[in-house]
Each structure stands twice: as C-alpha cells, then as structure tokens.
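Structure, as structure tokens:
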Amino acid sequence: MTATRDMLDALSVRIEPGVTFGHPDPREVMIEPPVLIRPGIYDIDFIGAFTFMGGRQTELRHISMVGRFCSIAYNIMAGVEEHPYDFLSPSPMFQGAFDWRQADRFRAENRDILDHAAHIWWQRRDAQFHRIRIGSDVWIGEGALIRRGVTIGDGAVIAARALVNKDVPPYAIVGGTPARILRYRFEPAVVAALLELTWWNYGLSALDGVDMSNVNQAIDRIATNIALGRAQIYETPLVRLDGSGEASMVRYDRDAGGFVEVDA
Ligand SMILES: CC(C)(COP(=O)(O)OP(=O)(O)OC[C@H]1O[C@@H](n2cnc3c(N)ncnc32)[C@H](O)[C@@H]1OP(=O)(O)O)[C@@H](O)C(=O)NCCC(=O)NCCS
C-alpha cells in the first residue's frame, strides 16, 4: 500500500520542503521512524530512528547508512564528487559535463580521445567511491566535509568545519583540516561499556530512568533495564521512498529474504 503524507506525519517521519533524495540518479531510501530531515540533497540507503539532519547547503551523498540518534547539523557535505587533478585539467567539462556551445567543435573533433580519458576517470572514480557509513549517536558540527568511503564510529563527534578524510573511531571527537582526534568523549572503560550496551538498539526503552547528565549512572541503569527485560530491541516498519518519491511501509521478512509491504 502506498503511504500518504498523513501516514508519514503519523509516524513522525518529517521531511521538510526542499529535500531531494537520490541525487543525481533516483535511488531508494529506507527510513526508520521517527526522523526529521531538513532541506538538502541526499543519497543515503538507510536513515535510522531518532535522527535529524540537514538544512541550508546540506549535500549528503554516497552514504550506505546513518544510524540512530544522530544529530547532523547544516551545511554539511559528504561523499561529494571529486575531479581528476592528475589529468591535464581537473575540469569536468572534459568528462562530458556542460553543453557550452563554444566547445562543440572541440568536442566533435576530439570525441574518441575525450571518451577514452573519461572512461579511465569513471572507472577509477567508481572504484574509489565506497559508500560512507555513519554510526549511531553521532554529532556532526556545522560545515564539516566528509570524504568518500569514510566510516564514522558510534558516538563520535565531528567538530564544526572539520575535513574528515579518515575513519573516525567510536566516541572520538575529531576536528580540523584534515581532522585529527582532539580527545574522546569518555575514558576508555566508559567507551567500552557503551559499545557493549549499544543502547540505541533499544530505542528509548533502555533509557527509562536514565540521568542523561551522568554517564556512569546511565550505564548502570541501561544495563539493569536490559537485564530485567524492561528494554526491548526497537523494531518498527520502515518507510521506503522509491526513486520517484512514492512512499510505502515495509518490514524485513526473513523467510522471504527481503522487504515486504505492510499496511499503514
Ligand atoms: C568539537 C566541539 C564540540 C568541541 O567543543 P569543546 O569540548 O567545548 O572544545 P574546547 O573549546 O574545550 O576545545 C578543545 C580543543 O579542541 C579544539 N577545537 C575545538 N573546536 C574545534 C574545531 N571546530 N576544529 C578544530 N579544533 C577545534 C580547540 O582548539 C581545543 O584545542 P586545544 O586543547 O589544543 O586548545 C566544538 O568545538 C564544535 O565544533 N561544536 C560544533 C557546533 C556546531 O557546529 N553546532 C551546529 C548546530 S548542531
């Protein structure tokens, strides 16, 4: 069944005007409710629950997943295109971009040799453009640039204006150009306990009674909630937006080995 705008509202899947998914080519996206997606250009396969992102000049591309409880600010660029700077010129006009009339004769008379170079570039580019992976409980500050293929670990913080060109370990705070580890959010034993708990897998149910301002108390309480069965793994049907923007609700069916549509 096709989801309606009312259904998205009821699920708190809030997609503001000015959102483009699947740029430049149409592409399916799976969204786990609830989320808030502000204006921007997105190419993301999966967006986890309780995450918000976007606004202003956001362009988040070539991303396989954004986990749960992520806070992704505005003006962030990820997985954006790169140019062949080791060719004579990095200009994309030599790979067939732009239809400038002044280049018509040049293009026509040099088609084969231009196609040859463009082929080499696209092969290399496709081999290099691994998809970015962003874990859960990640905070990305304003204006960060995240390069193709990077993995950002659970709990990491990316400082404003960072240029992230290497994987970021869980719970690291990174900043600068290129980004370096400034410090970790918590001491190693606390980080290890949090990575063991992976509290975000339980949605909010592990967080009952948790004092957010006291991480040690929080760890104890989450562990108790899990041990006593008060916390359940958060599982909810996903909203699937196909390349044309049509929405449907789906869940993963192990027997079918894929997603099946469910009623709203
Ligand atoms: C990363 C951040 C959270 C760190 O905040 P903080 O813990 O208060 O940091 P401090 O001011 O104590 O600085 C700690 C160190 O990190 C450095 N640092 C802080 N922000 C940095 C940045 N954006 N880039 C590079 N280095 C940075 C500081 O210079 C300092 O280095 P030093 O110890 O060598 O002097 C913060 O600087 C930031 O970038 N916030 C993002 C805000 C934002 O984008 N909001 C948008 C709306 S969500």
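Atoms within a ligand are numbered from 1 in the order they appear, just like the ligands themselves.
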request  = Give a yes or no on whether a salt bridge exists between Arg251 and Glu261, defined as a side-chain N under 4.0 angstrom from a carboxylate O.
outcome  = no

Return all side-chain donor-acceptor pairs below 3.5 angstrom for residues 87-100, not counting sequence neighbours, or 'none' if the list is empty.
from, atom 1, to, atom 2, distance (Å)
Ser89, OG, Ser91, N, 3.1
Ser91, OG, Met93, N, 3.2

Compile the donor-acceptor pairs under 3.5 Å between side chains in residues 172-181 and protein atoms, sequence neighbours left out, one pair per line.
none

Would you mind listing each N/O atom of ligand 1 next to any protein N/O under 3.5 Å, plus the distance?
from, atom 1, to, atom 2, distance (Å)
ligand 1, 7 (O), Arg183, NH2, 2.4
ligand 1, 23 (N), Ala160, O, 3.0
ligand 1, 39 (O), Ala160, N, 2.8
ligand 1, 44 (O), Glu142, N, 2.7

message = For a 4.5 angstrom cut-off between non-hydrogen side-chain atoms, does Ile134 reach Met65?
response = no

message = Can you pull out every side-chain hydrogen bond (donor to acceptor under 3.5 Å, both in side chains) where at least one residue sits in residues 157-172? Sequence neighbours excluded, please.
response = Glu142-Arg161

ask   = Heavy atoms, side chains only, cut-off 4.5 Å: are Phe50 and Pro34 in contact?
value = yes

